[in-house]
Number of protein chains: 2
Amino acid sequence: MSTAQGARARARTEITAAIKDEARRQLAAEGAAKLSLRAVARALGMVSSALYRYFPSRDELLTALIVDAYDSLGAAAETAEKQVHDAGPLHRWTTVCEAVRAWAMTHPHEYALLYGTPVPGYTAPQTTVQAASRVGLLLIAIARDAHRDGTLSAPALPADLHPEATRMAADLAPDLPPEAVAALVAAWAQLFGLIGFEVFGQFHGVVEHREPFFRQAALRLAQGVGLAC
Amino acid sequence: MSTAQGARARARTEITAAIKDEARRQLAAEGAAKLSLRAVARALGMVSSALYRYFPSRDELLTALIVDAYDSLGAAAETAEKQVHDAGPLHRWTTVCEAVRAWAMTHPHEYALLYGTPVPGYTAPQTTVQAASRVGLLLIAIARDAHRDGTLSAPALPADLHPEATRMAADLAPDLPPEAVAALVAAWAQLFGLIGFEVFGQFHGVVEHREPFFRQAALRLAQGVGLAC
DNA sequence: GTCTATAACGAGATAGAC
DNA sequence: GTCTATCTCGTTATAGAC
């Protein structure tokens with residue numbers, strides 16, 4: 001009985017993975033907007049109605065792909081950071097930035113799914129939020145360690161931003177000064193601006209040697225947040 | 001004779017504009033990947049083959065929409081800058097940034113067409129480059145004026161970036177120090193990172209009062225380039 | 001010459017009967 | 001699960017109106 005259920009559960013896991021793999025392949029070929037349960041089924045030798053036993057709708061499949069991609073990106077960033085965890089905050093920061101960039105370059109279509117044009121008619125459920133915040137939390141953690149060590153020199157803020165910065169800090173990192181949190185959020189967005197331009201081809205004919213260019217930009221992002229060393 | 005040609009040319013211009021208007025409407029509704037000549041024709045009460053008199057292919061229509069969007073964005077930025085052209089470089093910079101952001105917020109689908117996920121199967125022809133560079137050229141011009149006035153303090157660069165910075169400067173702004181050009185290109189990408197996160201909903205639940213937040217971020221971008229006052 | 005309409009192609013998606 | 005009839009699409013050939 002338990003072996004039968006175990007085999008069944010194993011088969012279900014395998015088929016679910018196969019469906020997602022094929023869907024990712026189609027994502028690369030046609031884009032997220034044209035992701036079609038039917039085509040996925042055909043490629044797997046299944047019939048479209050059979051897929052609904054694994055994913056109740058196209059949107060649920062999309063959500064699964066998005067969560068997987070966020071987790072893949074988050075894991076890549078966290079693994080890279082772990083290996084330099086004992087270094088200074090600046091080195092940890094640039095390591096995370098470069099890991100995010102490397103993941104984006106090797107997974108351009110999944111990157112587009114996360115940070116590109118939203119899929120028309122699809123709105124991400126709350127389920128995705130946790131996976132989506134892993135990179136941000138990692139950057140916050142680095143700033144937090146710097147703050148504990150007294151090496152975080154948060155930049156000044158204009159008065160009209162203070163209420164919003166305080167609110168963001170309360171939500172994201174109550175132990176950090178509001179100025180640092182506001183700077184962190186801005187740096188977070190700017191990091192993905194650099195990466196997006198590279199992945200989506202905006203640097204074509206403009207920036208040639210993109211690795212050192214990115215490294216330097218990531219370094220200056222860290223300085224903008226107030227990290228040193 | 002000339003009046004007949006004038007009338008024909010006028011009709012052609014009007015129909016071309018109507019096609020693009022309808023295509024933009026569909027862009028907003030379905031996304032660029034699903035832009036369909038047939039649907040555009042149907043909405044206009046034409047037959048699909050008639051559209052080929054105006055656009056030789058779906059990709060050419062896409063290209064026209066892209067060039068129009070780049071020009072609309074460029075014109076918005078240039079118009080805003082013209083009105084503060086006599087102010088200091090910092091004020092001109094933030095004015096341009098805010099004009100770009102305002103255009104993106106009012107034209108989210110066209111923004112997605114320009115800076116979002118590339119349309120699968122479409123590659124932009126060289127024709128788009130000139131229109132695409134208008135905002136960048138505007139930012140360069142501001143830095144150039146600051147440099148002429150001696151108020152541009154270009155940030156230092158690591159040695160490994162110097163060849164690339166020199167190459168970029170030769171291409172983009174031979175009269176500017178390479179360090180400033182590298183910083184400009186980075187700031188350009190980061191600007192669209194901030195705007196993209198806002199347009200694509202990444203700031204949802206994170207940043208609430210986005211105008212002062214953006215203004216401050218744009219200001220610090222300018223400082224990163226070395227602009228003062 | 002300039003345009004529009006009809007019809008068709010090959011490909012793919014979709015809905016429903018079985 | 002399978003099969004079929006009916007949609008969509010981009011694109012082209014052709015014929016006729018202005």
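Below, chains carry the letters A, B, ... as their sequence lines are ordered, and counting in each starts from 1.
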TODO: Quick one, give me the B/S/- string for nucleotides 2-17 of chain C, reading 5' to 3', where B means a protein heavy atom under 4.0 Å from the base and S means that only happens at the primed atoms, P, OP1 or OP2.
DONE: SBBBB-B----SBB--
- [ ] Could you label the plane-to-plane angle of the B/Trp188 and B/Phe192 rings as parallel, tilted or perpendicular, counting under 30° as parallel and over 60° as perpendicular?
- [x] perpendicular
- [ ] Count the heavy atoms belonging to other residues, nucleotides or ligands that lie under 6.0 Å from CZ of A/Arg53, then report whether that count exceeds 12.
- [x] no
TODO: Whole angstrom is fine here: how far is it from CG in A/Leu37 over to P in D/dG1?
DONE: 15 Å
Task: Within 6.0 Å of CD in A/Glu211, more than 12 heavy atoms from elsewhere - done: no
Open item on the list: Counting only side-chain nitrogens and oxygens, does B/Tyr52 get under 4.0 Å of the OP1 or OP2 atom of D/dT11?
Closed with: yes
- [ ] Calculate the interatomic distance between B/Gln26 atom CD and D/dC9 atom C1'; express it in whole Å.
- [x] 12 Å
TODO: State whether B/Glu164 and B/Arg167 are salt-bridged, where the test is any N-O pair (Lys NZ or Arg NE/NH1/NH2 against Asp/Glu carboxylate O) under 4.0 Å.
DONE: yes
Open item on the list: Would you say that B/Leu73 contacts B/Tyr111 through its side chain, given a criterion of any heavy-atom pair below 4.5 Å between the two side chains?
Closed with: no
Task: Nearest-angstrom distance from the residue atom CG of B/Leu35 to P of D/dC9 - done: 11 Å
Open item on the list: Rounded to whole Å, please give me the gap between CD in B/Glu60 and P in D/dG10.
Closed with: 15 Å
TODO: Give the ring-plane orientation class for A/Phe197 versus A/Phe203, where under 30° counts as parallel, over 60° as perpendicular and anything between as tilted.
DONE: perpendicular
